[in-house]
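To keep things clear, I will list the structure first and then write my remarks on it.
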Amino acid sequence: MIRQPFHLVEYSPWPLTSSLGAFTLAIGLASWFHNHGTMCLTIASILIIISMFQWWRDVVREGTFLGHHTSHVTTGLRWGMILFITSEVMFFLAFFWAFFHSSLAPTPEIGCSWPPTGINPLNPFSVPLLNTAVLLASGVSVTWAHHSLMENKRTNAIQALIVTVSLGAYFTFLQAGEYVAAPFTIADSVYGSTFFVATGFHGAHVLIGSSFLAVCLIRTWAHHFSNSHHFGFEAAAWYWHFVDVVWICLYLCIYWWGS
């Protein structure tokens, strides 16, 4: 038998169920937007949540209890996370491209002005500025948690993660309130489309990042991390910093300059 340092994962149904959940979610959202009920959306959400918990369970078992995450495997995981975040950068770049394509040269169809004629943009110095402060504070607290882990200060790491997850939840609450109070909708010209698609996908990333950090909080409380073996947390921290940077770009370009 040839020995090699890499972990060959077992057959898993969770990539398939996650893909089916994402596909069903797209159909469910389209059905909901056209007033055809929320049954498909509910099924998709349940399928995604089950897949998420089961997949995380398997990864925790591999890395913590079975010892499959060796230094070679961890290096591969690092590069995988780097490439994933790079793909996310390209994802958001498309939204910024659409925004600047429309805003730098407004067409006669939208009144040759930006914001388009009839659109009252949100005040960038009210809730959006508060959300910016909240996310920047969460970036500080997640860095505090990382340094606490590296210094074997588990209690401090737990406290910092509680603060970070709470700030993420508060950001989501504020953004939901902002959407409800917005004087325009996603159907209001290209401004509404670019605004809600860009900020909406960012809000989805905040939810995903908050879930990721909540799992890290549970794992830290359960002694799954050490000062030299905590890539699961590092990946979550990288993702959260990426979310912070994207929000700063959204705030400066869409909320402030775009208004």
Side-chain angles (χ1 to χ4, degrees), residues 25 28-29 32-33 38 41-42 45 48-49 52 85 88-89 91-96 98-99 103 114-116 119-146 158-218 236-259:
L25 181 65
L29 285 170
W32 180 43
F33 290 162
T38 59
L41 184 61
T42 302
S45 300
I48 289 174
I49 291 172
M52 180 177 68
I85 291 177
E88 292 285 274
V89 171
F91 180 74
F92 278 98
L93 183 62
F95 299 144
F96 284 105
F99 173 78
S103 61
W114 194 264
I119 295 292
N120 295 316
L122 296 171
N123 181 4
F125 300 109
S126 58
V127 174
L129 184 60
L130 175 58
N131 264 343
T132 303
V134 168
L135 269 193
L136 290 177
S138 70
V140 173
S141 60
V142 79
T143 303
W144 169 31
H146 190 194
I158 292 173
Q159 293 172 347
L161 281 172
I162 291 173
V163 171
T164 306
V165 173
S166 300
L167 289 172
Y170 185 46
F171 176 92
T172 301
F173 171 78
L174 289 174
Q175 190 171 44
E178 179 185 79
Y179 279 7
V180 171
F184 55 89
T185 70
I186 194 172
D188 287 328
S189 80
V190 68
Y191 184 90
S193 299
T194 53
F195 175 86
F196 281 103
V197 169
T199 59
F201 270 111
H202 177 269
H205 282 68
V206 171
L207 284 173
I208 294 169
S210 299
S211 302
F212 204 170
L213 288 169
V215 171
C216 290
L217 171 60
I218 296 171
W238 292 355
Y239 188 84
W240 195 251
H241 287 309
F242 160 74
V243 169
D244 283 351
V245 172
V246 170
W247 174 258
I248 291 173
C249 295
L250 284 173
Y251 177 76
L252 293 176
C253 296
I254 295 180
Y255 282 98
W256 183 47
W257 180 85
S259 65

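Predicted, not measured: the structure shown is a model, and the values here were computed from it. One-based numbering along the sequence shown.
Side-chain atoms of Ile254 and Thr194, non-hydrogen and from C-beta on, never get closer than 4.5 Å to each other. Ser211 has its side chain out of reach of Ile208: every pair of non-hydrogen atoms, C-beta onward, lies at least 4.5 Å apart. Taking the side chain as every heavy atom from C-beta outward, Pro183 and Leu122 approach each other to under 4.5 Å.
In this structure, Leu207 CG and His202 NE2 are separated by 10.5 Å, a value rounded to the nearest 0.5 Å. Within the model, atoms CZ of Phe196 and OG1 of Thr199 stand 6.5 Å from one another, a figure rounded to the nearest 0.5 Å. Atom CG of Leu167 and atom CG of Asn131 lie 10.5 Å apart (nearest 0.5 Å). Atom CD1 of residue Ile248 and atom CG of residue Leu136 lie 5.0 Å apart, to the nearest 0.5 angstrom. Taken from OH in Tyr191 to CZ in Phe184, the straight-line distance is 4.5 Å, to the nearest 0.5 Å. Taking CZ from Phe96 and CG from Leu250, the interatomic distance works out to 4.0 Å, rounded to the nearest 0.5 Å.
Nearest heavy atom pair, residue Trp144 against residue Ala160, reads CE3-CB, 3.3 Å. Here the closest heavy-atom approach between residue Val206 and residue Gly168 is recorded as CG1-O, 3.8 Å. Contact record, Ser210 with Val165: O-CG2, 4.2 Å, taken as the closest heavy-atom pair. Here the shortest heavy-atom pairing between Gly203 and Gln175 reads CA-OE1, 3.3 Å. Smallest separation of non-hydrogen atoms from Ser259 and Trp256: OG-O, 2.8 Å. Here the closest heavy-atom approach between residue Thr143 and residue His241 is recorded as OG1-CE1, 3.4 Å.
Without hydrogens or angle criteria, His146 side chain to Val142 main chain gives no donor-acceptor distance under 3.5 Å. Between the Tyr251 side chain and the Pro124 main chain, a donor and an acceptor come within less than 3.5 Å of each other. A donor-acceptor pair is defined here as one N or O able to donate and one able to accept, closer than 3.5 Å; no such pair exists between the side chain of Ser193 and the backbone of Val190.
Below 30°, between 30° and 60°, or above 60°: for Tyr170 and Phe173 the angle between ring planes is below 30°, a parallel geometry.
Aromatic ring centroids of Phe195 and Tyr255 lie under 6.0 Å apart. Annotation: Phe92 is in aromatic contact with His205 [ring centroid separation under 6.0 Å].
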Worked verdict on Phe99 versus Trp114 for ring-ring contact (aromatic ring centres under 6.0 Å, His included): CA-CA 11 Å; Phe99 173 78; Trp114 194 264; 5.6 Å; yes

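Residue-environment remark: CH2 (Trp32) stays at or below the threshold of 12 foreign heavy atoms within 6.0 Å.
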